There are 2 protein chains.
Amino acid sequence: MREKTNDRSVGRMTLSKGEKRQRQIYDTAARLFAQRGYSRTSIRDLSEALGLQKSSLYHYFESKEDLLHRLLDQFMEEALQRIEELCALALPPQEKLAAFMRLYTSFYAGDRDRLSLLVNDLDCLGGELHAAMVAKQRRYVAAIQGILNEMRQAGLMRDIPLPVAVFAFFGMVHYTPKWYQRDGGVSPEELGRLFETIFCHGILTGKEQP
Amino acid sequence: MREKTNDRSVGRMTLSKGEKRQRQIYDTAARLFAQRGYSRTSIRDLSEALGLQKSSLYHYFESKEDLLHRLLDQFMEEALQRIEELCALALPPQEKLAAFMRLYTSFYAGDRDRLSLLVNDLDCLGGELHAAMVAKQRRYVAAIQGILNEMRQAGLMRDIPLPVAVFAFFGMVHYTPKWYQRDGGVSPEELGRLFETIFCHGILTGKEQP
DNA sequence: GAATTGGCCGACCGTTCGTTCGATTTTTTG
DNA sequence: CAAAAAATCGAACGAACGGTCGGCCAATTC
C-alpha cells in the first residue's frame, strides 16, 4: 500500500478500502500541515484527526518526510504537466503569458492547502528529496522566464530586471494561502484574470495592447 | 538584562558588554530563525552559534516564544512608525501610494531575516502575543487600503477588488525573502521603485498619469 | 578591598517527537 | 469457507526539545 504506483487502481471506478483511506490520509495531512505548519504538526495530531493509531499510518508512508514529499510531488507534477502542455501550444507570446498566469493562479489558488505546503514547508525536506522538488520548481521559473524573454526582445516590456518581474508574479500567487478564500466571492479563475490584469499592465508597455 | 527598556542606555554611545551581547543574540537568532524556520531552530542551535550554553541565554529572554515576539515587535514597531509618519503627510493620494510602496519595500526587503520571521513564523506565537502582532499588521493593511480607497473614489483605479490589489502588493514584498539578495545588483530602494512601477501601472488607469 | 551584581556554566527534568515491532483483527483472494 | 494479505493496534524505544536550578566567576559599585 505504500508503493508509488498502484497497478490495480488504473481504469477502475471503485476505490478499495485502502485507496480510500490513503486519499483520506493525504488530504487530512495536507489540511493539517497547511493549518499549523509541517514541523509543528505531529504524527499524533494526524492520527487523532483520522481516528487511527499513529503506528497504523506507517503502512501508507515510510516516514513523515516521505509523506510531505508525496504530497508535494503529486501536486507539482500535475501542475507542471498542465503548464508544459500550455507552453507547447503555438501562441503569440503575449497570449501565452496571459494564459500561463491564469492557469498558474487558478490551479494553485484552487488548492490552498497544497500550495501552502509548497511555499512554506518545502525546506523541511532534506537532501535528495529537497533537491528534486527545487529542480521541479525551476521548470516553472524557466517557463515564465522564457516567455518574458520573448516579450523583452520584442520591446514590449518595461525596463524591469527579469527576475524581479518573475518573482513579483510568483509572490502574488504564492502569497494567496495567507489571505485568499475560495468562498469569498472571487473564484480561482477570476483571481487568475485579475492577476493577469495587474501583472501585464504592470510589466508591459502598452504599445501593442488594446 | 531582560527588561523591556534599559534606562541607562538612552542617549549613550558606548554599549555595555551585556547590551552588545543582547544585540548579538537577537541578530543571530533572527538569522538562524530565518534560515531554518523558528520551530526547527532549537535553543541549542542558537547557543552553539553563539558559543554559549543554552541556559545562559535565558538571561536575555524569558522563553523561546518571548524571543520571537521581541524580534517581531521591534521590527514591526519601527516599520509602523515610519509608515504612519508618511501617512500623516499632506500628499496627493497617488504620490502617497507610490511613497508608501517604496518605503514599505525598501524597509522590509532591507531586513530579510526579520521579514522572513514576520511572513513565516508569526503563527508560532500563541494567544495574546499572536493577537497583538496581528493587530499591528492590520494597521499596515488599513493604511494602504485607505489610500487605495481614495484612488478608487477618484476613478483612478481599475476594476479590481480592493483586497486583491492590497494582497497582490503584500505578496510581492513579503515573498522577497525567498529570492531577493541585496548584493545581487538591485538595492532595496531600487526594488521599491520597481515594485511601484509594476503595481501602479498594474492597478491604476492611466488617466492622470504622465 | 569587600560586597554586590550581572553573566555564565553544567547537570538535570519532564515532555514530546518520529519510529519500530510483534500481535491481532479485518478484508480480500482462491 | 479457508488461506493469504492488508490493515490496525498497543506498547515501547531513543533522541531531541524547552526550560530550571544552584553554584561559580568576573566585573562593577561603594
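Quantities reported herein were computed from a predicted structural model and do not represent experimental measurements. Lettering of chains follows the sequences in order, A, B, ..., and the numbering in each one begins at 1.
Phosphate proximity of C/dG6 to B/Arg21: absent, as no side-chain N or O sits under 4.0 Å from OP1 or OP2. Contact annotation: A/Tyr60 side-chain N/O to D/dT8 OP1/OP2 distance is under 4.0 Å.
A/Tyr26 pairs by the ring-ring contact (aromatic ring centres under 6.0 Å, His included) definition with nothing, not counting sequence neighbours. Among residues two or more places apart in sequence or in another chain, the side-chain contact (heavy atoms from CB on, under 4.5 Å) test is passed with A/Asp113 by A/Ala30, A/Arg31, A/Ala34, A/Asp111. B/Arg21 is linked by a salt bridge (Lys or Arg N to Asp or Glu O under 4.0 Å) to nothing, counting only residues two or more places apart in sequence or in another chain. Listed by chain and number, the residues in a side chain to side chain donor-acceptor pair (under 3.5 Å) with A/Asp27 are A/Arg114 (sequence neighbours excluded). Residues forming a salt bridge (Lys or Arg N to Asp or Glu O under 4.0 Å) with B/Glu189 (at least two apart in sequence, or on another chain): none. Here B/Phe100 pairs with B/Tyr104 under the ring-ring contact (aromatic ring centres under 6.0 Å, His included) rule; sequence neighbours left out.
Evaluation of the salt bridge (Lys or Arg N to Asp or Glu O under 4.0 Å) test over residues 93-108 of chain A, restricted to residues two or more places apart or in two chains, returns A/Arg102-A/Glu196. For the salt bridge (Lys or Arg N to Asp or Glu O under 4.0 Å) condition, the pairs that include at least one residue of residues 81-90 of chain B, sequence neighbours left out, are B/Glu78-B/Arg82, B/Glu84-B/Arg139. Residue pairs that meet the ring-ring contact (aromatic ring centres under 6.0 Å, His included) test with at least one member in residues 27-50 of chain A, sequence neighbours left out, are A/Phe33-A/Tyr38.
At whole-Å resolution of the value, OH in A/Tyr58 and P in C/dG22 are 17 Å apart.
In this structure, a donor-acceptor pair under 3.5 Å is present between the side chains of B/Glu190 and B/Ser187.
Axis angle across the helix from C/dG7-D/dC24 to C/dG30-D/dC1, with five pairs used at each end and values rounded to 10°: 20°.
For DNA chain D, the neighbouring residues in residues 37-48 of chain B, judged by any heavy atom under 4.0 Å, are B/Thr41, B/Ser42, B/Ile43.
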Protein-nucleotides 9-15 of chain C N/O pairs under 3.5 Å:
residue: C/dC9; atom: OP2; partner: B/Gln53; partner atom: N; Å: 3.0
residue: C/dC9; atom: OP2; partner: B/Ser56; partner atom: OG; Å: 3.2
residue: C/dG10; atom: OP2; partner: B/Gln53; partner atom: NE2; Å: 2.5
residue: C/dG10; atom: N7; partner: B/Ser55; partner atom: OG; Å: 3.3
residue: C/dG10; atom: O6; partner: B/Ser55; partner atom: OG; Å: 2.5

